[in-house]
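Report on the following structure.
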Amino acid sequence: MAGVFALAISLSGAPSASPMGKSEHGADPIDFAVVVDASPSVPTEALQEEKEATALLAQGEIATGSRGMVLAFGGADDSGNAAVNEVCPLTKLDAGGRQRLGDCVKSLNREKIGAGTDFPSAIRQASSRLAADSSPEIPKIMFLLTDGKLDVRDDPAYGPDASRRQANGEKALTGALQQARSAGVQVWPLGFGKGVEKAALNAMARGGYQNACAGLPEATPHARTVNGSADVDTALLQTFAGARCAHLTEGTSRRPSGDLHVTLPSIATSAAIIVIKRDPTVTVSYSDPQGTKVPRNQVSGVQNTVEGLQIRQPPAPGEWTAHIEAPPGHRDQTATIGAIWQGVVDSYIDVQRVFHEGEKIPVSVQLQNQQGVPVTDLPHAYDGRVSVRLTGQSIQPISAQLEDTGREPDSESNDGRFSGHLVIPRSAHGKLTVTSTVTAPGITGDSRPVTIDIPPTPPPVTATGILDQQTVQPGGTISGTVRTTNTDSKPHELRLMLQDSNKAVPSRINPVIVSVPAGSSQEFHNFGISVSDRAPEDQMVGGRVIVIDSTDGNKQLETVFVGTEVKVPPPPPWALIVTLCVAGILLLLFSWDRYRRWLNPAGLQLALYDKDKGKALSKSQPVLTGQKGPYPFTVTGDEIKPGRSGKESYQIHRWLPKGRLKIKNLSSGVKQEVHDGQPYGIANNRRIVPSYRRSPIRPTGPENKTSGPTSGKDGDF
């Protein structure tokens, strides 16, 4: 059996694995209660840390439709102190609600709270309040902050006999957790201090409602413990992110004045940036990655020790900055920044291969943001969180973990394309189902099963597409090629489509139709993606090129992901070009002048010698030193005169270092190489003897004749 299948499916609208599915307008709302241990056993400093940590949740919640409340608890006693006190009622966290809840947290105190740690009463009241007037689809989360363990020994409500109250309290705790589970309330304990029993806190987490975002371990209710109260805020943010099916990105810390930084990935669609000031007099101003100041009306909790920036639109990816200032005397507290965010991704399965039974085939899942741009800045927590599952009646389920590491079959690391292998069983036939699952922090676990049919014979037409360009300029074209084969007896018509491209970069594909001749073993078809001249710089074109066989029932043959970035070419450096040109011209002129000077055989003496008489006919003629270039001279009778005139005109120049000379007969054009003292034969049995000696010139060496072979290259003069 053999087959080819190529799939590209959008998972953005897939059913969620949890009630906290994605929202088209941002993160879905939740209802939460912060239950704070305010018993006398909690030190004053620790109680202050609990209050600050509670304020974090008011500012860090990323959905404007969420609601939050605060309860203080301890233990009831005979003096009339209650076990639970509702400090802040359930408040909708719009801009005003965040401020009200943050202000309300300041009033959290021990008033009317007795000694002891009455977990059952606190859990029951929080569960009842969260379940009242709440939709079943809204997630309900309880954050339980405590420094101790169950202690109801002084509470007469658990029986008249103090020795049995603790056992009755254990039974009541089991019932309270059952109530929380029935009401759909998750319990997330956070313990601090040396007396914390983590096993008991984890038992409470397991006793409440169990809801995990796409099976994430960190999103399953569990307890966290910290050594001291100073670590409560960070631990609570981590707990909140897990319970919220969100992701926490920790930023930098420093004292005022200065900048704090935190990075948001391109996958984030809803986010809140939180600054833990610890001193309400600290002022904060925010800037996005492009350096644009954020309006102050998006910030809440300004007058508190914790404030938050709620980003109403999908946040710009990159490094956000919070500049902190403080008046003198208020600069000793360390401020910290962090971000809680959720992301919505589109996931596309890509499997394309002619295969046989038992063959291992590559499979990839491309993650893209809602603008159609491949996500390349995923946190390290996403490693190993993308998988595929192959099922069908003819096979046992097969799963494969995908990686974005650059190791085969993954072509490039950190490009948002996760790859792995699936082994097709020998028994595979008929319909199979491929499911892609993303189980990563910040994503609510989208998955959608897709049914495919493996044909009994290979399809007649195959297509493979390639896009090589990494960048394109506005108004430019991304070039691509589709390689096709067609074993059918008739031609096929293929249709090219550009899908899910970045709306900020208007683009179109051309041509749309490609004809594949019948019986063609291999054909190459060029196409292009034209980018608008209004495309903004540094945007990704994104999307996918889909190849469909219109002749064969619109069967999809190929998917090519577009990862090309818009880049404006730098303007020509005209000033530099002009400067280099002028410098080049000057250098050329200077070099030519030096070359002309070098050609002149300055210091040379020319003598006219009569071969028959064996003597010089006249006094040696010195070469003029002020001349540039070859030295021209004329033989007139028995004299050598400078310059060119008459038929017996010649010129002499240096060819290489001293001793290497060339003489050219200007009438015949014949050139001869001569050496110092070597005679050069001319008409009437006379000889020209060049020499650098100042003594009477005597010919030396063999004679050069004008009728002999020429040397050197044409154009020397």
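Values below: every heavy atom of this structure, side chains too, minus hydrogens, waters and symmetry copies. Source: prediction; values computed, not measured.
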* Derivation of the side chain to side chain contact (heavy atoms under 4.5 Å, CB included) call for W341 and T249 -> CA-CA 8 Å; W341 54 267; T249 297; 2.9 Å; yes
* **V294/W320 under side chain to side chain contact (heavy atoms under 4.5 Å, CB included): CA gap, chis, key distance, verdict** => CA-CA 10 Å; V294 178; W320 287 67; 3.8 Å; yes
* In sequence, state the C-alpha distance, the side-chain angles, and the governing distance for H261 and I337, and then conclude on side chain to side chain contact (heavy atoms under 4.5 Å, CB included). => CA-CA 7 Å; H261 303 283; I337 192 172; 5.8 Å; no
* To do: Dump the intermediate steps for side chain to side chain contact (heavy atoms under 4.5 Å, CB included) on V386 and R417, then the final yes or no.
  => CA-CA 10 Å; V386 181; R417 187 177 178 90; over 6 Å; no
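Without hydrogens or angle criteria, Q166 side chain to L150 main chain gives a donor-acceptor distance under 3.5 Å. Remark: the backbone N or O of V42 is paired with a side-chain donor or acceptor of R110 at under 3.5 angstrom. E61 contributes a side-chain N or O that, together with a main-chain N or O of A63, makes up a donor-acceptor pair within less than 3.5 Å. With Q210 contributing its side chain and G208 its backbone, the two residues share a donor-acceptor pair below 3.5 Å. Listed for the R389 side chain is no donor-acceptor partner under 3.5 Å among the backbone atoms of S399. A donor-acceptor pair under 3.5 Å is formed between the side chain of K277 and the backbone N or O of V302.
The shortest non-hydrogen separation linking M142 to V35 is CG-CG2, 3.7 Å. Taking each heavy atom of P315 and A268 in turn, the nearest pair found is CD-O, 3.5 Å. Heavy-atom minimum distance, A272 versus I62: N-CG2, 3.6 Å. Residue A55 comes nearest to V105 through the heavy atom pair N-CG1, 4.3 Å, listed as atom of the first residue, atom of the second, then distance. Nearest approach of Q342 to C245, heavy atoms of both residues: NE2-O, 3.0 Å. Here the shortest heavy-atom pairing between S107 and V87 reads OG-CG1, 3.7 Å.
Residue pairs meeting the disulfide bond (SG atoms under 2.5 Å apart) criterion with at least one partner in residues 137-183, sequence neighbours excluded, are absent. The stretch residues 74-180 participates, sequence neighbours left out, in these disulfide bond (SG atoms under 2.5 Å apart) pairs: C88-C104. Screening residues 295-315 for ring-ring contact (aromatic ring centres under 6.0 Å, His included) gives no qualifying pairs among residues at least two apart or on separate chains.
Two residues are said to be in side-chain contact when any heavy atoms from C-beta on lie closer than 4.5 Å; F73 and D37 meet this criterion. Taking 4.5 Å as the limit, some side-chain heavy atom of L90 sits within range of a side-chain heavy atom of R129. Taking 4.5 Å as the limit, every side-chain heavy atom of V262 sits out of range of all side-chain heavy atoms of L260. E170 has its side chain out of reach of T174: every pair of non-hydrogen atoms, C-beta onward, lies at least 4.5 Å apart. Inter-residue side-chain proximity for Q333 and V282 is flagged as unmet; no heavy-atom pair is nearer than 4.5 Å. In this structure the side chain of D118 never reaches within 4.5 angstrom of the side chain of V84, judged on heavy atoms. Within the 4.5 Å cutoff, side-chain heavy atoms of T437 are placed close to those of S387. Two residues are said to be in side-chain contact when any heavy atoms from C-beta on lie closer than 4.5 Å; I276 and T305 fail this criterion.
No more than 12 heavy atoms of other residues, nucleotides or ligands lie within 6.0 Å of CZ in R153, so this atom counts as exposed by the packing criterion. Within a 6.0 Å sphere centred on NZ of K92, heavy atoms belonging to other residues, nucleotides or ligands number 12 at most. When the shell of 6.0 Å around CZ of R164 is examined, it contains 12 or fewer heavy atoms from other residues, nucleotides or ligands.
Take A176 and apply the side-chain contact (heavy atoms from CB on, under 4.5 Å) test, not counting sequence neighbours, and it matches P120, I123, R124. Scanning for side-chain contact (heavy atoms from CB on, under 4.5 Å) contacts around S253 gives T334, T336, with sequence neighbours left out. Partners of S134 under the side-chain contact (heavy atoms from CB on, under 4.5 Å) rule, at least two apart in sequence or in another chain, are D31, R67, I138, K140. In this structure, R206 has no side-chain hydrogen bond (donor to acceptor under 3.5 Å, both in side chains) partners at least two apart in sequence or on a different chain. Taking T117 as the reference, nothing meets the side-chain hydrogen bond (donor to acceptor under 3.5 Å, both in side chains) condition, with sequence neighbours excluded. Legend: residues meeting side-chain contact (heavy atoms from CB on, under 4.5 Å) with S182, ordered by chain and number and at least two apart, are absent. For the ring-ring contact (aromatic ring centres under 6.0 Å, His included) test, no residue two or more places apart in sequence or in another chain qualifies with Y158. Legend: residues meeting side-chain hydrogen bond (donor to acceptor under 3.5 Å, both in side chains) with D155, ordered by chain and number and at least two apart, are absent. Under the side-chain hydrogen bond (donor to acceptor under 3.5 Å, both in side chains) criterion, Q298 pairs with no residue, sequence neighbours left out.
Counted by atom type alone, Q59 and S300 present one or more donor-acceptor pairs between their side chains at under 3.5 Å. Side-chain polar atoms of Q179 and S128 form a donor-acceptor pair below 3.5 angstrom. For the 3.5 Å distance criterion, the side chains of R100 and T91 fail to qualify, holding no donor opposite an acceptor.
The CG atom of D151 sits 9.5 Å away from the CZ atom of F119 when rounded to the nearest 0.5 Å. Of the inter-residue distances, the one linking S270 atom OG with I340 atom CD1 reads 12.5 Å to the nearest 0.5 angstrom. Atom CD of Q366 and atom OG of S419 lie 8.5 Å apart (nearest 0.5 Å). Between the CD atom of E50 and the CG atom of L108 there is a distance of 7.5 Å, given to the nearest 0.5 Å. A distance of 5.5 Å separates CD in Q99 from CG in N304, rounded to the nearest 0.5 Å. In this structure, L422 CG and L402 CG are separated by 8.0 Å, a value rounded to the nearest 0.5 Å.
The aromatic rings of F32 and F240 lie perpendicular to each other, with more than 60° between the two planes, well past the 30° mark.
Of the candidates D147, T225, L236, T146, F192 forms a side chain to side chain contact (heavy atoms under 4.5 Å, CB included) with just one, namely D147.
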